[in-house]
Each structure stands twice: as C-alpha cells, then as structure tokens.
Amino acid sequence: MRVKYFKSAVSKFILLSSIGSAGFYLGRKSVENRELKNIFCDEKINLKSKPGLPVFSTVSAAALIPRNEFSDKPTIVSQESRVSQIMRFGFPSLDNVRSFDDFILSYDKRTRTANWVFEHLTPDHVKHNDDVDRSKCDFKVDESIHPFFRAENSDYKKSGYDRGHLAAAGNHKRHQKHMEQTFYLSNMSPQVGKGFNRDSWNRLERYVRKLTKLYPNVYVCTGPLYLPRKEADGKLYVKYEVIGDKNVAVPTHFFKVVVGESADGKLVMESYVMPNQVISDDTPLDNFKVPPESIERAAGLLFFDKVNRKFLKAINGKNV
DNA sequence: TTTATTGT
C-alpha cells in the first residue's frame, strides 16, 4: 500500500513519540519533515519498481494447507477457502505462514512470537454466542512449532507480562473451536497487562469489532514492533526485553492496520501503533493513528497490497 | 463486556 503524505502525519509522529517516557522512531527519517515529504509525497511511485511487490501477485492463498487438529492428513483447500477470504487483499509477508480455522499467522522463530496475524470480521464473527465460552479456553503450546522456537506457558509465568492475544479471542465467536485456536502461544505476545492489554489495547480491539456495525467486512492485520529509540550517546538502538527460558521477545509496540469494506465495495483504512506500556484510559484512540507506510517500513511488511486504489476512499479519516 | 494473573 503506497500512501500519500498528509500534513497531519508529522504531528501524529510527534504525538506518538511523546506517549510514554521516551521517543521511539517509526523509521529513522520519519521525524524529519523533508524526508517525510520524500517518502510520502511522491504520488507517481511506480509500484513495479519496488522490490518484493510483484512476488505477491503470484501467490495463491488456495495453495495453503490449513491445520487440522483431528487428522494427520492435510486438507486440500478449495478456491473459496476461508484462507483466501481472510487473505483477500494480500499477504503482508510469506515467512512461516500458518493457517488456523478463522485467522492466519506468520511466525517469527527468532522472537518466539508472530510477525503478524490476519483476521476477517463480520457482524456474525463478533456477535454474542451462548455456545462459545472464553473461560473454557486454555493457553496452549503450539506443538506445530519446533521446540527451539516456541513459547511455553512457563516463559510468561511471573514475567510480569500478560499472554496478550494478537488475533483477539473476541473476534472469533462463531465456534468454540475458533476461539480456542486463538489461545495458541504462537498467537500471544508479552503485553503489559493493566493499562495496556486489559485497557487501551482492549479498547482498540473493541473499536475494531464495532466497525462491523458500519462495514459488513472488516479486515485487520495485527503484530508486534521493535522500534529504535535514542540512547544517551545520541545513537538509535533497538532494545527489547526477553522473558523465560525461550527468550520470548517483549515488543516495544503493537500495530493494527484495519480495512473496512462497505456494501458497495468502497474501502477505508485505519492504522494504529500503540506502545507496550501503561496508557491512560482517557487517551483517544485517534492519538495512535499513524500512516500505514510508516508501519510497513518499521515492520518490513506490506499491508493490503492487492487493494485496488480505485476503491480506497480514505486513510485514517482523510479522503484519498 | 473483555482483558487477564496469581494464589489457593
């Protein structure tokens, strides 16, 4: 997704980096006005000239083989699979992609948490369902990942961090099995509990669910960020804690990129970055909006690459 | 309403 530069982007960057104790950088140049213009102002960017982009158009979601807990045999997926519905607008990357029944995940063996998760929400997915009970769900090891690289429950124990869902449990209320699959530790990242996971991040997740009241289809990509910050010597470093015997990485931030599709096919995009720290409950979610391109650069991902610009009407509330 | 941990 190539996006135009908006003047408000500068103030949003400043706002974002002012949240919390110290400034984090969504790209080294992003705080410099001149560089920002170079990055975002060129409306004539030739997509084909960008490395990596053409590769994605050749990848078919139908080739993926989803997990099936109840059989050793791989299931061949039809063209109209849930995977291709969820990934309709393209894969952010192709690294270690795993498909679950109602969400897709790319796993990072080095950090022992995901690179990204992708979900497709409809009013049906988020409405209350008496048959689905969150309290019956258990956090469980993802046995499909090599023991060297998978998080254990013991890694989180007494770490001070929550096992925070990336694909939120509340987004998968159609079947008990769907919700249970969100409890694999491959879908967890260490998150500050009170003040973040249980509060402002949860507020963002509920807001995304609420978007299904406005848009019959909502697509959302969520993941961790490890952003550089300036140290005392004036240089930028990426620094993050690791927890447990498996050294599970504690992300500095998390992102969400959301696309809502109206009944007439028109699309709006919103993208957020929140620091993994205590956030005051009265901080408006708008304060966390950042240009999607800045997340792409920081994360090494491309979001909604297959969206036809013709249908994209707004990014972060601004018409495009 | 939805997030969760710790201790019993």
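From a predicted model like this one, the values you see are computed outputs, not experimental measurements. Below, chains carry the letters A, B, ... as their sequence lines are ordered, and counting in each starts from 1.
Residue pairs meeting the salt bridge (Lys or Arg N to Asp or Glu O under 4.0 Å) criterion with at least one member in residues 246-259 of chain A, sequence neighbours excluded: A/E152-A/K246. Under the salt bridge (Lys or Arg N to Asp or Glu O under 4.0 Å) criterion, the residue pairs touching residues 258-271 of chain A are A/R88-A/E261, A/D264-A/K266, with sequence neighbours excluded. Screening residues 182-204 of chain A for salt bridge (Lys or Arg N to Asp or Glu O under 4.0 Å) gives A/D162-A/R198 as the qualifying pairs, with residues at least two apart or on separate chains.
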What's touching nucleotides 6-8 of chain B from the protein side, N or O pairs under 3.5 Å?
unit_1 : atom_1 : unit_2 : atom_2 : d
B/dT6  : OP1    : A/K158 : N      : 3.1

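Counting non-hydrogen atoms under 4.0 angstrom, A/F139 reaches the backbone sugars and phosphates but no base. Contact annotation for A/H165: backbone-only contact, meaning every heavy-atom pair under 4.0 Å involves sugar-phosphate atoms and none involves a base. Counting any heavy atom pair closer than 4.0 Å across all strands shown, A/K210 reaches no nucleic acid atom.
The six-membered or imidazole ring of A/Y184 lies near that of A/F100, with a centre-to-centre distance under 6.0 Å. Between A/Y219 and A/F89, the distance from one ring center to the other falls under 6.0 angstrom.
In this structure, A/M179 atom CE and B/dT1 atom P are separated by 14 Å, rounded to whole Å. In this structure, A/K256 atom NZ and B/dT3 atom P are separated by 10 Å, rounded to whole Å. Regarding A/D281, its CG atom lies at a distance of 18 Å from the P atom of B/dT1, rounded to whole Å. Between the P atom of B/dT5 and the CD1 atom of A/I243 lies a distance of 10 Å, rounded to the nearest Å. A/N129 has its CG atom 11 Å from the P atom of B/dT2, to the nearest Å. Whole-Å rounding puts the A/D133 CG to B/dT3 P distance at 12 Å. If you take CE of A/M274 and P of B/dT3, they are 14 Å apart, rounded to a whole angstrom. The distance between atom CG of A/L166 and atom P of B/dT3, rounded to the nearest whole Å, is 13 Å.
A/V238 belongs to a hydrophobic cluster with A/Y226, A/Y240, A/V242, counting contacts under 4.5 Å between side-chain heavy atoms of Ile, Leu, Val, Met, Phe, Trp and Tyr, direct or through other members.
Considering only residues two or more places apart in sequence or on other chains, A/R112 meets the side chain to side chain donor-acceptor pair (under 3.5 Å) condition with none of them. Take A/D138 and apply the salt bridge (Lys or Arg N to Asp or Glu O under 4.0 Å) test, not counting sequence neighbours, and it matches no residue. Residues that satisfy the salt bridge (Lys or Arg N to Asp or Glu O under 4.0 Å) test with A/D124, not counting sequence neighbours, are A/K127.
The stretch residues 189-205 of chain A touches DNA chain B through A/N197, A/R198, A/N202, each having a heavy atom under 4.0 angstrom from the strand.
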